[in-house]
Amino acid sequence: MSGLTGNDGNMARQRREMVEQLKCYGIGNPRVLDAFMTVKRHLFVEAASRPYAYDDCAWPIGYGQTISQPYTVAYMTSLLVERCPSGKVLEIGTGSGFQAAILDALGYRVFTIERIAGIYEMAGRALDNQGIPVARRLGDGTLGWPEEAPFDGIVITAAAPHEPETLLHQLADGGVMVVPIGDLGSQQMTVIRRVGERFEHEFFHGFAFVPLCGREGWPDTPA
Ligand code: SAM
């Protein structure tokens, strides 16, 4: 990472430009915008993508997976922050570690699960190198993290075929899940709030995520 030091001013300028673009796209929550100003996205992408780290694009991170585009991360994070401003949050799909770092910058206590070992290790290095304190687990995130439940928030950063039942029951009363639900081509961003034993739903824009694979997701090799 030392080669980046001389580039930090340039990266900070690009980060400011990304935040201005997020505002133009309708992201208005000041806490979310501050977090995007703080977290160094260029430290979560592969070397080849680094010059473009602040473009509003998803980039490959290996193993057929991607770091989500900044707008998508900002949109999901805004849905969470506006309904669950603090507390304990579980992310499913660590990927690059960027979303987890954004949640940490917002002051949440962050837990994240990734199912692919190589990605889990890569994200761990990126988070550890920056001293970002996120609890991490390798495994099938659709099973949640029962020992740490209940969670005030759960953010699923992969495409779920249906509501993940086990995870819903790891929400605290009043807790909120943000999850893209749909088929493999497109999904509707969905917010589910637990109210006692009931679940209230809100529906938002369409997105396209890589699949959530696992016991309550898609089979391991989706068609
Ligand atoms: N949040 C990530 C970031 O900030 O870079 C982007 C996530 S990427 C779009 C989706 C990730 O979900 C992939 O790394 C994939 O391996 C992971 N994933 C898919 N199904 C999973 C599961 N059942 N449990 C944990 N991770 C899963």
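Here the structure is a predicted model, which is why all the values come from computation and not from measurement. As the structure lists them, so they are numbered: ligands from 1, and atoms in each ligand from 1.
By the criterion of a heavy-atom distance under 4.0 Å, the backbone of T94, and not its side chain, is placed next to ligand 1. Contacts of T157 with ligand 1, taken as heavy-atom pairs under 4.0 Å, involve both backbone and side chain. Only the side chain of Q65 comes within 4.0 Å of ligand 1, judged by heavy-atom distances. Residue-level proximity to ligand 1 for I116 is carried by the side chain, the only part with a heavy atom below 4.0 angstrom.
The two residues A101 and F44 make their nearest non-hydrogen contact at CB-CZ, 3.6 Å. Across all non-hydrogen atoms, the minimal contact from R194 to H169 is NH1-O, 3.4 Å.
T142 and E216 share no donor-acceptor pair across their side chains, judged by distance under 3.5 Å alone. Side-chain N/O atoms of Q99 and S68 include no donor and acceptor closer than 3.5 Å.
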Inset, instruction - Verify salt bridge (charged side-chain N to carboxylate O under 4.0 Å, His left out) between D220 and R115, making sure each step is shown before the conclusion. - result: CA-CA 10 Å; D220 262 3; R115 64 185 279 274; 2.8 Å; yes
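By the 6.0 Å contact criterion, CZ on R31 is enclosed, its count of non-hydrogen atoms from other residues, nucleotides or ligands being greater than 12. In F204, the CZ atom is crowded: over 12 heavy atoms of neighbouring residues, nucleotides or ligands sit closer than 6.0 Å.
Judged by a 6.0 Å distance limit and a 45° cone about the ring axis, R41 is positioned over the six-membered ring of F98.
Side chain of D8 to main chain of M11: no donor-acceptor pair is present (N/O by atom type, distance under 3.5 Å, no hydrogens or angles).
Checked by distance only, ligand 1 and G93 come closer than 3.5 Å through their nitrogen or oxygen atoms. In terms of polar-atom proximity, V210 is not counted as a contact of ligand 1, lacking any N or O under 3.5 Å from an N or O of the ligand.
Of the protein's non-hydrogen atoms, the one nearest atom 26 (N) of ligand 1 is R115 N, 3.3 Å. Ranking protein heavy atoms by distance to atom 8 (S) of ligand 1, first place goes to T66 O, 3.1 Å. Looking from atom 24 (N) of ligand 1 to the surrounding protein, the closest heavy atom is G141 N, 2.8 Å.
Classified by interplanar angle (parallel below 30°, tilted 30° to 60°, perpendicular above 60°), the ring pair Y71/F207 is parallel.
In the vicinity of I113, heavy-atom distances shorter than 4.0 Å reach the ligand 1 atoms 25 (C), 26 (N). Here is the list of ligand 1 atoms found below 4.0 Å of a heavy atom in S96: 3 (C), 4 (O), 5 (O). The atoms of ligand 1 that sit less than 4.0 Å from any heavy atom of T142 are 23 (N). Close approach of ligand 1 to F98 (heavy-atom distance below 4.0 Å) involves ligand atoms 4 (O). Interface of I67 with ligand 1, defined as ligand atoms under 4.0 Å from a residue heavy atom, comprises 5 (O). Close approach of ligand 1 to S68 is summarised as follows: ligand atoms under 4.0 Å from at least one heavy atom of the residue are 6 (C), 9 (C).
Taking 4.0 Å as the cut-off, G139 counts as a neighbour of ligand 1 on heavy-atom distance.
Comparing R137, Q99, E216, E114 against atom 14 (O) of ligand 1, the shortest heavy-atom distance belongs to E114. For atom 22 (C) of ligand 1, the nearest non-hydrogen atom from the set G64, P211, C213, G144 belongs to C213.
Exactly one residue among E148, E147, E114 makes a side chain to side chain donor-acceptor pair (under 3.5 Å) with R137. That residue is E147.
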